[in-house]
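This report concerns only the one structure given below.
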Protein chains: 2
Amino acid sequence: MDSGRQREETAGVVGVARSHDGALVGAIEAGGTKCVCAVGTGPGERMLAKASFLTGDDPARLLAEVFGWLQAQEERFGALQALGIASFGPVDLDTRSPTYGWITSTPKPGWRNTDIVGEARKIFPTIPIGFDTDVGGAALGEQAWGQASGLSDFVYITVGTGIGAGAVAGGRLVHGLVHPEMGHMALPRIPGDSFPGVCPFHGACWEGLCSGPALQVRTGMRAEGIPADHPAWVLETQYIAYAIANIACVLSPQRVILGGGVRKGGQLGEEWLFQRIQDNVRTVLNGYIAYPLLNERLDLYIVPPGLGDDAGICGALALGQSAIDDP
Amino acid sequence: MDSGRQREETAGVVGVARSHDGALVGAIEAGGTKCVCAVGTGPGERMLAKASFLTGDDPARLLAEVFGWLQAQEERFGALQALGIASFGPVDLDTRSPTYGWITSTPKPGWRNTDIVGEARKIFPTIPIGFDTDVGGAALGEQAWGQASGLSDFVYITVGTGIGAGAVAGGRLVHGLVHPEMGHMALPRIPGDSFPGVCPFHGACWEGLCSGPALQVRTGMRAEGIPADHPAWVLETQYIAYAIANIACVLSPQRVILGGGVRKGGQLGEEWLFQRIQDNVRTVLNGYIAYPLLNERLDLYIVPPGLGDDAGICGALALGQSAIDDP
């Protein structure tokens with residue numbers, strides 16, 4: 001085993017308590033398009049029930065459906081010990097703020113200033129409720145059961161309808177002033193690429209260049225259908241590499257987990273997509289950070305989620321369990 | 001008082017213990033050109049003695065001088081309770097690593113693989129020794145006595161001979177795999193600017209475009225002498241704004257402290273330089289993060305160091321005091 005791997009395995013104290021891994025919790029992964037719910041104690045067979053609802057533009061109606069479903073599961077599996085809510089954002093994560101637990105300034109119709117945690121408390125008044133961004137939740141899920149096990153500093157990125165990332169630094173989710181919005185990073189232009197980007201705020205920021213909708217506008221195809229030899233994959237993997245290299249420069253993560261639908265690489269396939277991104281990150285960093293993992297073993301540094309497409313909902317489960325330890 | 005300011009002032013639990021603010025410590029700020037040393041209990045009048053040595057290419061000789069000077073100060077002021085070392089890098093900050101406390105893969109002649117903490121322990125075997133990057137130290141100093149008082153999430157940037165940054169997230173200095181190397185971030189090119197950059201690893205990364213040496217190659221002048229209307233300041237403030245906007249997207253800091261010699265803006269002056277950077281950051285972010293501080297009060301968000309040019313040596317003092325609490 002190479003030294004990079006060895007160092008990485010021994011590096012990092014995990015700050016998120018896992019003593020309630022095993023507690024029965026309810027999980028809500030609120031996405032812009034659909035809202036996935038689950039009840040369980042962990043991933044795989046430990047997820048006892050799962051359901052999906054269209055998010056729509058009426059929060060009151062959706063939340064009534066979701067909470068009704070969770071209550072029905074309590075009849076089957078027993079009382080929930082906590083609830084975890086991982087939500088699209090922006091959200092207010094400052095527990096001292098009067099709008100803590102709200103989805104705040106989202107452009108999504110109907111959802112601006114929705115007190116999602118407050119509504120949940122009305123239905124589940126006595127159990128702890130964990131709340132974070134969808135990607136913050138997914139990061140905790142990967143730490144609990146996936147590719148970030150034992151790590152104190154890592155990033156979970158999703159490249160899908162949008163681009164977002166959850167970061168854990170020194171064992172804790174990074175919140176700061178609001179929460180990270182890594183998808184809106186400014187990146188160098190690849191010479192010859194004049195695609196204006198699709199971000200309504202920034203045009204050609206990372207999300208504007210690389211999200212699923214950006215790929216669709218660029219190619220006229222959904223990511224799944226884009227052929228392996230389409231030049232869009234060359235651009236996509238180069239821009240993602242710039243972004244990951246920048247994240248490595250700013251946060252120095254021990255690992256970068258790249259999730260979301262686009263990471264499957266369409267007809268190119270996940271393995272090739274990751275290899276190209278790894279090669280490009282190596283080229284961009286050019287050996288500056290003299291650490292084996294960043295030079296010889298990028299395949300261990302940039303990895304798909306261990307929980308696959310369940311990273312999000314497992315993240316909400318992990319958020320619920322974390323709330324038991326740290327209510 | 002606007003809401004952004006209010007929120008900011010109440011946001012953030014400080015994780016770095018300050019119970020030893022007041023302890024007499026020795027401080028070493030090891031820079032690439034000079035090595036500043038001090039003995040004291042804090043900034044200003046609390047810094048009882050200060051000296052500066054040329055770093056040179058012979059670590060053994062320099063360290064003998066530095067330790068000798070510190071021992072001489074003990075004769076005057078009493079026994080040091082701790083030592084703080086803030087060093088140019090890259091350095092090994094992993095306390096479980098066999099090379100903890102080393103300056104590692106620096107290209108600086110003579111300094112590669114220098115066990116600076118180990119050498120200090122030989123001379124000061126019984127007192128705690130705090131060790132971090134120069135910019136990590138400066139961040140702690142600003143938290144203890146400067147512009148980051150009471151903040152849990154902030155960044156200290158220096159733009160000088162090189163560009164580097166120390167980040168505090170959730171109250172703790174960010175280390176991660178190695179430590180941040182924010183100066184090597186890749187940035188968008190400003191249209192019409194074809195300057196190749198001076199970074200030997202990346203050419204036109206942030207440091208390659210914006211460090212003091214980059215400005216000097218670009219203009220033929222040292223930063224201090226560059227006239228206020230020189231187009232280099234337009235480029236400099238735009239690139240710095242891109243970098244700060246990216247840092248805001250990745251880390252969501254509550255504040256960004258911009259230090260180093262270049263931040264004085266030569267003949268343009270510090271006030272104008274900061275105003276241009278603030279205006280450019282506002283333009284780059286374009287209101288995406290709906291937070292008053294990031295839209296209306298950039299003047300409170302991007303600020304010069306409260307400790308001025310003493311940010312670095314005060315940082316080493318703060319590192320020493322922190323080591324008493326967390327040895």
Side-chain angles (χ1 to χ4, degrees), chain A residues 7-8 10-12 15 90 94 96-97 104-105 152-155 165 167 169-189 199-202 204-206 242-243 245-255 284-291 293-294 301, chain B residues 7-8 10-12 15 90 94 96-97 104-105 152-155 165 167 169-189 199-202 204-206 242-243 245-255 284-291 293-294 301:
Chain A
R7 282 284 295 282
E8 181 222 312
T10 57
D94 180 354
R96 284 154 303 178
S97 159
T104 57
S105 58
S152 63
D153 294 74
F154 66 95
V155 175
R172 301 181 201 184
L173 274 172
V174 174
H175 289 163
L177 187 67
V178 187
H179 48 70
E181 286 284 2
M182 299 195 204
H184 295 273
M185 208 190 295
L187 299 177
R189 266 294 177 168
C199 174
F201 288 86
H202 312 113
C205 63
W206 183 19
Y242 275 132
N246 279 358
I247 291 167
C249 287
V250 174
L251 269 169
S252 192
Q254 298 161 307
R255 175 169 281 179
V284 171
L285 291 177
N286 196 24
Y288 178 73
I289 306 171
Y291 201 91
L293 203 56
L294 284 172
Y301 191 68
Chain B
R7 281 284 296 283
E8 182 223 311
T10 57
D94 180 353
R96 285 155 301 178
S97 159
T104 57
S105 57
S152 62
D153 294 74
F154 65 95
V155 174
R172 303 181 199 183
L173 274 173
V174 173
H175 289 164
L177 187 68
V178 188
H179 48 71
E181 286 285 2
M182 299 195 204
H184 296 272
M185 210 188 297
L187 299 176
R189 266 293 178 169
C199 174
F201 288 86
H202 311 113
C205 63
W206 184 18
Y242 275 131
N246 278 358
I247 291 168
C249 288
V250 174
L251 269 170
S252 192
Q254 297 162 307
R255 175 169 280 177
V284 170
L285 290 176
N286 196 24
Y288 178 73
I289 305 172
Y291 202 92
L293 203 56
L294 284 172
Y301 191 68

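Throughout, a chain's letter reflects where its sequence line sits, starting with A, and its residues are numbered from 1.
Closest approach of A:Val178 to B:Tyr291, counting heavy atoms only: CG2-CD1, 3.6 Å. Considering every non-hydrogen atom in both B:Gly176 and A:Gln254, the closest pair reads C-CG, 4.3 Å. Annotation for A:His202 and B:Val284: closest pair CD2-O, 3.1 Å, computed over non-hydrogen atoms.
Heavy atoms of A:His179 lying under 4.5 Å from chain B belong exclusively to its backbone. In this structure, chain A has heavy atoms under 4.5 Å from both the backbone and the side chain of B:Tyr288. Heavy-atom distances place the backbone of A:Pro253, and not its side chain, under 4.5 Å from chain B. Within the 4.5 angstrom heavy-atom criterion, only side-chain atoms of A:Val174, from C-beta onward, approach chain B. Heavy atoms closer than 4.5 Å to chain B are found in the side chain of A:Ile289, but not in its backbone. Both the backbone and the side chain of A:Ala186 have a heavy atom closer than 4.5 Å to some heavy atom of chain B.
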Please determine whether side chain to side chain contact (heavy atoms under 4.5 Å, CB included) holds for the pair B:Met185 and A:Val250, giving the CA-CA distance in whole Å, both sets of side-chain angles, and the decisive distance to 0.1 Å. CA-CA 8 Å; B:Met185 210 188 297; A:Val250 174; 3.8 Å; yes

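Checked by atom type and distance alone, the side chain of A:Ser105 never pairs as donor or acceptor with a backbone atom of B:Ala290 at under 3.5 Å.
A:Leu251 CG to B:Glu181 CD: the interatomic distance, rounded to the nearest 0.5 Å, is 13.0 Å. Interatomic distance, A:Leu187 CG to B:Asn246 CG, rounded to the nearest 0.5 Å: 7.0 Å.
Using a 4.5 Å heavy-atom threshold, the side chains of B:Leu177 and A:Leu294 count as touching.
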